[in-house]
Amino acid sequence: SQAVYQHTEKSYLRVTYGDYDLPFTNPETRDLGWKKYNIPEDPPNNEFLSRFKENFEFIGAISEDRLKSNLEWIREKLDDGTLLILMNGAEVQINNNTEPDRHERHERMNKVVADFVNNNSKTQLLDVNKFIDSPEDLTNNIRHYRREYHKNFSEEAVNIIDQEFKLNTSVNQIQRAKNLVQYRAS
C-alpha cells in the first residue's frame with residue numbers, strides 16, 4: 001500500500017513512503033496524506049520536500065511483477081537452508097473512503113505471494129486470512145489488526161518453524177518459558 005518513488009538518475013534506487021493514492025511529491029495530496037495518517041505536527045520541512053521532488057519521481061503502487069522480482073531477489077540472497085516466512089495482507093472488505101477497494105489489491109498481491117511460496121523451497125506463507133475475516137478484526141485500516149490477533153500470528157509462525165525444522169516445539173512450551181522468565185524477572 002506504500003507509494004514507490006524512483007530516483008530520477010539512478011533508476012535502481014527506489015524508496016517507499018506513504019500511500020500510493022496520495023503522492024508525497026504533490027503538495028496537495030501530501031497534505032491530505034499527512035492528515036489521513038495523523039502525521040505529527042512536525043512533518044519534513046520544505047527544503048527536504050523540494051530536494052526529494054527534484055530527485056525522485058512518483059511511480060505509484062508496486063506492480064505484481066515487481067513484487068515477484070523483489071521476492072525472488074530476497075530468496076536468492078538467503079542461504080538455501082534459511083526459512084523465509086512471508087505474511088500476506090488481509091482481504092477483508094471494509095467501508096473506508098480513504099482506501100476504497102484495498103482488499104482487491106491485497107487479493108491480487110496475495111496471489112503473487114502464494115504462487116511464489118508454492119514455487120520456492122524453504123519459503124512458507126503466514127496467511128493472515130486464516131484469522132482476519134471481518135472488519136471488526138481490524139483497527140483503523142486494512143493493514144492494522146486488533147492486538148489479540150498478533151498472538152495468533154506469532155503462534156502460527158512458531159508452528160511453521162516447528163513443521164519446517166521438525167522441532168516438536170509447542171506454543172504451550174514457549175508460553176511456559178516466557179512465563180518463567182517473567183516470573184524470575186519480577
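Count residues from 1 along the sequence.
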Show me, pair by pair, the donor-acceptor contacts under 3.5 angstrom made by side chains of residues 9-16, not counting sequence neighbours?
| residue | atom | partner | partner atom | Å |
| --- | --- | --- | --- | --- |
| Arg14 | NE | Gln6 | OE1 | 3.0 |
| Arg14 | NH2 | Gln6 | OE1 | 2.6 |

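- Each of Asp127, Leu86, Ile85, Leu84 was checked for a side chain to side chain contact (heavy atoms under 4.5 Å, CB included) with Val117, and the lone residue meeting it is Leu86.
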Side chain to side chain donor-acceptor pair (under 3.5 Å) between Asp137 and Tyr145, worked out: CA-CA 6 Å; Asp137 298 334; Tyr145 314 113; over 6 Å; no

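- Each of Glu156, Gln163, Glu164 was evaluated against Gln124; a single residue qualifies, Glu164, per the side chain to side chain donor-acceptor pair (under 3.5 Å) test.
- For Thr123 (side chain) and Ser121 (main-chain N/O), a donor-acceptor pair under 3.5 Å exists by modelled atom type.
- Separation of the Phe52 and Tyr5 ring centroids falls under the 6.0 Å cut-off.
- The hydrophobic cluster containing Leu71 also contains Ile62, counting ILVMFWY residues as joined when their side-chain heavy atoms lie under 4.5 angstrom apart, directly or transitively.
- Counting only heavy atoms from C-beta outward, the side chains of Phe131 and Lys151 never approach each other to under 4.5 Å.
- The aromatic ring centres of Phe24 and Phe58 sit 6.0 Å or more apart.
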Stepwise salt bridge (charged side-chain N to carboxylate O under 4.0 Å, His left out) test for Arg102 and Asp21: CA-CA 11 Å; Arg102 195 59 57 106; Asp21 285 334; 2.9 Å; yes

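- A cation-pi geometry, defined here as NZ or CZ lying under 6.0 Å from the six-membered ring centre and within 45° of its normal, does not hold between Arg51 and Phe56.
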Working for side chain to side chain donor-acceptor pair (under 3.5 Å), residues Asn110 and Glu91: CA-CA 9 Å; Asn110 286 351; Glu91 297 177 2; 2.7 Å; yes

